[in-house]
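Below: the structure, in structure tokens.
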Amino acid sequence: LIGISNTTAAKGVVLGGTTANTRNIISGNTGPGLWIGGSGGDDNIAIGNYVGLASSGNAAIPNTTHGIMVSNGAKRTRIGTDGNGQNDSSEGNGISGNSAAGILILGIGTEDTVIAGNYLGTDPTGTADLGNNTYGINIYNTSKVRIGTDGSSDNHNAFERNVISGNDDSGIYVALASNITVAGNIVGLKADGDGPLANQDMGIAVDAVTDMRIGTNGDNQYDGFERNIISGNRYGISLFSSSQLATSRVVIAGNYIGTDVSGTKARGNSSTAVGITGNTSEIRIGAVVDGVDEANERNIVSGNGGAGFAIAYASVSVVGNYVGTDVTGNVDLGNDLEGFRVVETNNTIIRKNVISGNNRSGIELGLTNNARIQGNIIGLNAAGNAKIGNLNRGIDVRGGLNNIVGTDGDGAGDASEGNTISGNGEVGVWVLLDSVGARIAGNRIGTNVLGTAALGNNTDGVNIQYSNQTVVGSN
């Protein structure tokens, strides 16, 4: 029933090769095309195969479940290239057209799996839709998986990129897992990083996962190669938990979410770019403000059909990103809704971002408590000297307690905590709907970033309605 099964603790088996004559066509089977499993079944490699495809590579012959399944404690499995500079471009597999996931990695003890240089959901050129019927890659109840590049100090990282597009559900779905890295992939576009080839649901879904990185580690070593392009899908990235276990210690850094590979053209996800909800903690999106390669840690979150960020019932730190502009920070690639929509959260930090060009407000807080909105440019370009206004308000504060727009006045870094909120289509800052204890201090509202030239919002600078204990300026 299985195309090829390696479940008897065989070690070091190489399945496939780097030429057409050594390629396996593993298709049309009742069950997974290739199953690697069993405690002690370690160090196995699959390279250069077509799994779920015809020998031409341009038509599907589905395996009736997954293309490749790795389970039962198998360790150090490699699916695709090792990125050593020898035949790297020929080591990737075409894993498409299968009736379930392209790849399933499953089970406690199944560890140190590498998935690199493959085409999942497309033909082997990365240009035609031959989607797997569910996910491109499904990681479940396992640990230590790398999808994409290792970001090593060589010139071969680009060959480790997976193209994960055209699948009938999400591109990558990770659940109940830990120590996962997703770096340097194209998720939702063609291999050229330009043409759309959508996964039908989420680009990347993260469900009850701990210790995961999506994008760069910011170590100043080939960080640009660790960038994922996550565009053209229904949703870009979704973090949540469907169990009692939290999604925690997740970093999303250095990705283009809603643009092409150059960061200059909108190739939006049709709904929200980054959604975070529910039982989540210790989520960092963007840079560590340490002066080390912060530009490559920046996410470009622009051109999407919904909000740039939709955050609900979660605690998140979002630092140093461009939300609504291109990679230069000078061109309007606004998201169709808000830059940020933040609802019923506690202690969310939005700091040092450029939030401009969005087709509703830059930031909307709804019933949110203790948010810190500090050091952002909202409605101008990255240099803070020209308008790229958000269509509605710069910031809406709707209800909630003790939210701060600008400095907290504690004497630590106060001068850098003020926002520049200018050039927006309506009010700069609007506080309403029974907000209590909001503080607006240390900002430039209606000027350039230096406070030396007028770049006004189109109506009021600050408008306060039906709110209590709002402080504007020093208290």
Side-chain angles (χ1 to χ4, degrees), residues 83 114 116 144-162 172 174 178-187 193 203-204 206 209-231 236-237 239 247-259 261-263 273-274 276 280-302 308-309 311 315-323 325-329 340 348-355 372 374-377 382 413 416:
V114 173
K144 300 179 183 176
V145 179
R146 168 164 60 88
I147 302 172
T149 185
D150 58 1
S152 57
S153 56
D154 56 43
N155 295 316
H156 314 306
N157 293 292
F159 292 109
E160 296 173 319
R161 168 179 287 165
N162 298 288
I172 301 170
V174 185
S178 63
N179 294 291
I180 309 298
T181 299
V182 180
N185 304 286
I186 292 176
V187 184
I204 302 175
V206 181
V209 176
T210 58
D211 298 303
M212 181 170 182
R213 169 165 56 90
I214 301 173
T216 184
N217 58 7
D219 66 355
N220 205 25
Q221 178 174 284
Y222 289 84
D223 290 342
F225 285 101
E226 295 172 329
R227 174 181 303 120
N228 299 290
I229 313 301
I230 308 165
S231 302
I237 301 173
L239 273 58
T247 288
S248 64
R249 298 192 297 275
V250 177
V251 173
I252 302 171
N255 305 287
Y256 292 175
I257 308 172
T259 76
V261 71
S262 73
V274 181
I276 304 170
T280 59
S281 65
E282 298 180 67
I283 310 299
R284 171 170 64 85
I285 301 174
V288 175
V289 183
D290 58 3
V292 178
D293 209 27
E294 291 177 18
N296 274 323
E297 293 176 313
R298 175 186 303 138
N299 297 290
I300 310 300
V301 184
S302 302
F309 291 89
I311 303 169
S315 178
V316 181
S317 176
V318 186
V319 180
N321 306 284
Y322 287 1
V323 184
T325 76
D326 76 340
V327 68
T328 69
F340 287 79
T348 291
I349 295 170
I350 301 173
R351 182 175 293 154
K352 294 185 180 297
N353 303 282
V354 176
I355 308 166
R372 299 293 181 266
Q374 298 176 319
N376 303 285
I377 294 174
S416 65

Please list, chain by chain and in numerical order, all residues satisfying side chain to side chain donor-acceptor pair (under 3.5 Å) with [X], sequence neighbours excluded.
| X | answer |
| --- | --- |
| Arg372 | none |
| Asn217 | Asp219 |
| Thr328 | Asp326 |
| Asn220 | none |

#### Entry: Straight-line distance of Arg249 CZ to Glu282 CD, nearest 0.5 Å
6.0 Å

### Message
Nearest 0.5 Å, please: how far is CD in Gln221 from OG in Ser153?
### Response
4.5 Å

Quick check: does any side chain N or O of [X] sit under 3.5 Å from a backbone N or O of [Y], one acting as donor and the other as acceptor?
| X | Y | result |
| --- | --- | --- |
| Asn255 | Ile229 | no |
| Asn228 | Val182 | yes |
| Asn185 | Asn162 | yes |
| Thr247 | Thr280 | no |
| Asp150 | Ser152 | yes |

Qualifying residues under ring pair (Phe, Tyr, Trp, His ring centres under 6.0 Å), relative to [X], sequence neighbours excluded:
| X | value |
| --- | --- |
| Phe159 | none |
| Phe340 | Phe309 |
| Tyr256 | none |

Check whether any side-chain heavy atom of [X] lies under 4.5 Å from a side-chain heavy atom of [Y], and answer yes or no.
| X | Y | result |
| --- | --- | --- |
| Met212 | Val174 | yes |
| Thr181 | Val145 | no |
| Asn299 | Ile285 | yes |
| Asn296 | Arg227 | yes |
| Glu294 | Val289 | yes |
| Ile252 | Leu239 | yes |
| Lys352 | Ser416 | yes |

### Query
Is it true that the side chains of Asn353 and Asn321 contain a donor and an acceptor less than 3.5 Å apart?
yes

Indicate the atoms forming the closest heavy-atom contact of [X] with [Y], along with that distance.
| X | Y | result |
| --- | --- | --- |
| Ala116 | Gly148 | CB-O, 3.9 Å |
| Ile300 | Thr325 | CG2-O, 3.5 Å |
| Ser231 | Ile257 | OG-C, 4.1 Å |
| Gly218 | Glu297 | CA-OE2, 3.6 Å |

Please identify each residue that fulfils side-chain contact (heavy atoms from CB on, under 4.5 Å) with [X], with sequence neighbours left out.
| X | answer |
| --- | --- |
| Ser315 | Asn347 |
| Thr149 | Asn157, Glu160, Ala183, Glu226 |
| Asn155 | Tyr222 |
| Arg161 | Ile186 |

### Message
Checking Ile237 against Ile214 for the side chain to side chain contact (heavy atoms under 4.5 Å, CB included) test, could you report, in this order, the C-alpha distance in whole Å, the side-chain angles of both residues, the deciding distance, and whether it holds?
### Response
CA-CA 9 Å; Ile237 301 173; Ile214 301 173; 4.1 Å; yes

### Summary
Residues at least two apart in sequence or cross-chain that pass salt bridge (Lys or Arg N to Asp or Glu O under 4.0 Å) with Asp154, listed by chain then number, are none

